[in-house]
Amino acid sequence: MASVPDKPALEGLENKWIARWEDDAVYRFDRSAPREQVYAIDTPPPTVSGSLHVGHVFSYTHTDVIARYQRMRGRAVFYPMGWDDNGLPTERRVQNFFGVRCDPSLPYDPSFAPPDAPPKTPIVVSRPNFVELCERLTVEDEKAFEHLWRYLGLSVDWGMTYATIGKPARRISQLAFLRLLAKGEAYQNEAPTLWDVDFRTAVAQAELEDREMPGAYHRIRFPIRRAGTHLEIETTRPELLPACVALVAHPDDERYKPFFEHIIETPLFKVPVYLKAHPLADPTKGTGVAMVCTFGDVTDVTWWRELQLQPVRAILQPNGALKPVTWGAPGWPSDDVTSAQQRYDQLVGLSAVKARAKIVELLRETGDLLGDPRPITHNVKFFEKGDRPLEIITSRQWFIRTIAHRPGLLARGAALQWVPAHMRARYENWVNGLNGDWCISRQRFFGVPFPVWYRVYDDGVVDYNDRLLPDESQLPIDPSTDVPAGFRADQRDQPGGFSGDPDVMDTWATSSLSPFIVCGWETDQALWTQTFPMHLRPQAHDIIRTWLFSTVLRSHLECDSLPWANAAISGWVLDPDRKKMSKSKGNVVTPMGLLEQHGSDAVRYWAAKGGPGVDTAFDAGQMQVGRRLAIKLLNASKFVLGKTGPAGPVTHPIDRGMLTKLAALVKDCSASLDEYDYTAALRDTEAFFWWFCDDHIEHVKRRRAGDGPDAASATASCLTALSTMLRLFAPFVPFVTEEIWAWWQTGSVHRAAWPTEAEVLDALGAPDAAGLGAVARASDVTALIRRERSLRKVPFGVAVQSLRLPAAAQPEWPAISADVLAGNNATQASVTFADEFAIEFAPAQAPPSSPVPQPQAPS
RNA sequence: GGGCGGUUAGCUCAGUGGUAGAGCACCGGCUUUACACGCCGGCUGUCACAGGUUCGAGCCCUGUACCGCCCACCA
């Protein structure tokens, strides 16, 4: 038996065992394991340019508990880690850090090196150079993240990491895209698209969020031609008046029925438009007549499509400013071209907000604005990372089909095991609410480019229908730098030459392939067969509509399969005010500080108390409890292992009862963990452990200190219990359990076999029901004695003289009397049985003196 | 407007139709040879509200209120 320290402590355990685990490759994935023994986890790649917060610690701990459990169950745990360095946060960080800006039209410069300090004027670099800078910068982030994860005790195989902008991920993103293109599941289309004017890119439905914004209803007069009357509409976006292509009212609205298909004239610009009928128009909103503009919101798109309102009169440019328009030109009719032009020219170049103020001024001048704008607050759609409301701009974009696959996607969601089960509804809700295919192209430069070139006609026009695709073996490529087969570099963007697709993929188009990336899709067939479909996707509930949905979609389209069998959805960490912890609220605690303050095991303990999918309050008090548990484990283990006597057959009823109780615990915990109910497993293990310390040890410690068969029974059963409890605790508090394990066992506890009911019962032959009754009775009687001792304030040193125990205790008494009496300083007591409990203590040696008041220092 | 959770002790939360629970906090006591980073004990309830089912409801059903989240609408 290795040495048990005199003063066991938690300090330094993290660094000690991190190093040892790495040296011993404790968490290395076994490539030779057959698929049936593999447990594969699709770990979320954290965004490296962000910072890890306590919510990450929380949810990644949950996953690690499962990973450690499965490993102890004998599974080869496939537990890689990714870094998400693809996307806007990293793009901005690279720009600021190095003082560069990307221009994809530039050729790659292999000799480029950034200056030591970012220059005032950004250096323009090619996309491959920009990606290189990203990789250089994120290496440092990744090191810090990895250190934190190791310190937290994540049992990741650190030999398997990937980056979402890394070459393998780019290759797989492009390969998967080309496969979808070949199948017709990816397509390109020119259509009205949700657009962020600051980032100047299309965004997807999944990236929207509503924000409450101040606005105002503007009541505007529209004359009806040759009717001598007018319609009134209310709009929050009067600046779109020049883009008006129709008015619309509900078909049953009696107020407007007479005027359907009449020609209305827009104010200021004198554009003839029709009043149309459409059921989506709500008679109760505003005046019941809405202005259809190209495009103010998604309803406008619907009306434009369904009412076939040609043409598009787009006035917003990609940067959000109003573009120049020649009134009187095709598509821009006006009954008064001169004044329309004169008025519109005052708007050109203005942002939507400024144009609104200007147009209100103009409407006031002509008297077409009725009354003052009426302030309201309303929800406006934003890109979740954006600062200004989304616009809708017609542009050429890549899409992946989703709507056509809705039934199949719902079936996948139904087949997936959700933890907790009710999270399935969020997925179904989202799939049922999809209103368009998934737009995956972004007009950014940093990301995975589309591996596509287009032929350029001899007249210099790019033919987007004549695509030039690379061979799969060439991937990844960058069409802004690489040249399609059969062309020369100097034919780029030349008549008769080629042009590269300028766009990059949405980050989710890569993240959705995380199982493909880690499992070696089209790269490592043996690994792919061994690990895909995976077993577990852990993630937070806010990205069900993005990461989870898109991963299911890609796997459905590419593999006709679910990507994993289980989805474990974690909750959020809330601050004590029940608000989600976030950086903007300034209530984030740095994870490393937490781990150092409380110890990793203690923080993990708190995290494991938060059930799957349950938003959980940040609670340093629970971490203190976890720390006390770890210390208690050290001390109790020291006591159990400190016994010098020999172990022998487990014959004593109390020992047999304890092990029977433990065997039931093992069975329950295993069942709980199989169902991802790690919270219940921890709670039950903890309850047993405290009972073991407080009651069982107190009962057996004197017997164990003697010799003979009863002492040997106590020693043997305590050792079994310790071994079992350490293994039950190991997934939750890996450091302290490993430390104790090393005192007396060989190998890592994290590679030890998960305990089984049969193993614990081995020393007994069978569950011992009488023993179970004995330990329960022993605890009951001890509780009675302790209660009286405490109420009467009798110190433990004062012996019990006589005991009258409940008659119900009589049958078990012979089995437990020695242990119970010894554990309560009552070995000399006379014991009788009657209906009521009674106790007498030995007379006090000295009469208690009344306490003398001590002079108090002024406080 | 639709959907999903939640509401149990001062706090954080378990609770599987059968006596209302744990930890923390608080109060009182105890140096008991593993642990004072400890131990023992005590106090603490309109289980959100209303109705229903049942011999029996915190749990099942219906409705309501409030909190949180998701989605839709947002002229």
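Excluded from the calculations below are hydrogen atoms, water molecules and symmetry mates; all remaining heavy atoms, backbone and side chain alike, are included. Here is the naming used below: chain letters follow the sequence lines, and residue numbers restart at 1 for every chain. Here the structure is a predicted model, which is why all the values come from computation and not from measurement.
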**Fill in**
If pairing means Watson-Crick or G-U wobble with both distances under 3.5 Å, then the partner of B/rC37 is none

**Asked** For A/A687, which contact category applies under a 4.0 Å heavy-atom criterion: base, sugar-phosphate, or nothing?
**Response** nothing

Please write out each protein N/O paired with an N/O of nucleotides 35-44 of chain B under 3.5 Å, distance rounded to 0.1 Å.
| residue | atom | partner | partner atom | Å |
| --- | --- | --- | --- | --- |
| B/rC35 | O2' | A/N635 | ND2 | 3.1 |
| B/rC35 | O2 | A/K632 | NZ | 2.9 |
| B/rC35 | N3 | A/K632 | NZ | 3.0 |
| B/rG38 | O3' | A/K632 | NZ | 3.1 |
| B/rC39 | OP1 | A/K632 | NZ | 2.7 |
| B/rC40 | OP1 | A/D694 | OD2 | 3.4 |
| B/rC40 | O2 | A/S790 | OG | 3.3 |
| B/rG41 | O4' | A/S790 | OG | 3.2 |
| B/rG42 | OP1 | A/R787 | NE | 3.0 |

**Item:** Sugar-phosphate, base or nothing in reach of A/D210, heavy atoms under 4.0 Å
**Value:** base

**Prompt:** Whole-Å distance between B/rU31 P and A/K793 NZ?
**Reply:** 13 Å

**Message:** Base, sugar-phosphate or nothing for A/L280? Non-hydrogen atoms, less than 4.0 Å.
**Reply:** base

**Prompt:** Please give, in whole Å, the distance from B/rG5 C1' to A/N429 CG?
**Reply:** 13 Å

**Message:** Assess, by modelled atom type and distance only, whether the side chains of A/T294 and A/W304 contain a donor and an acceptor separated by less than 3.5 Å.
**Reply:** no

**Request:** Using the six-membered ring wherever Trp is involved, compare the ring planes of A/F689 and A/F729 and label them parallel, tilted or perpendicular (cut-offs 30° and 60°).
**Result:** perpendicular

**Message:** Please classify the nucleic acid contact of A/V380 as base, sugar-phosphate, or nothing, using heavy-atom distances under 4.0 Å.
**Reply:** nothing

**Message:** Tell me whether the side-chain N/O atoms of A/T299 come closer than 4.0 Å to OP1 or OP2 in B/rC73.
**Reply:** no

**Message:** Tell me the interatomic distance from A/R426, atom CZ, to B/rG6, atom P, rounded to whole angstroms.
**Reply:** 12 Å

**Asked** Base, sugar-phosphate, or nothing: which does A/S637 touch, judged by heavy atoms less than 4.0 Å apart?
**Response** nothing

**Request:** Under 4.0 Å between any heavy atoms, over every strand shown, what does A/E212 touch: base, sugar-phosphate, or nothing? Just pick one.
**Result:** nothing

**Message:** From NE2 of A/H541 over to P of B/rG6, roughly how many Å is that when rounded to an integer?
**Reply:** 13 Å

**Request:** Quick one: label A/A636 by what it contacts on the DNA or RNA (base, sugar-phosphate, nothing), any heavy atom closer than 4.0 Å.
**Result:** base

**Asked** Hey, is the side chain of A/Q205 poking within less than 4.0 Å of OP1 or OP2 on B/rA72, counting only N and O atoms?
**Response** yes

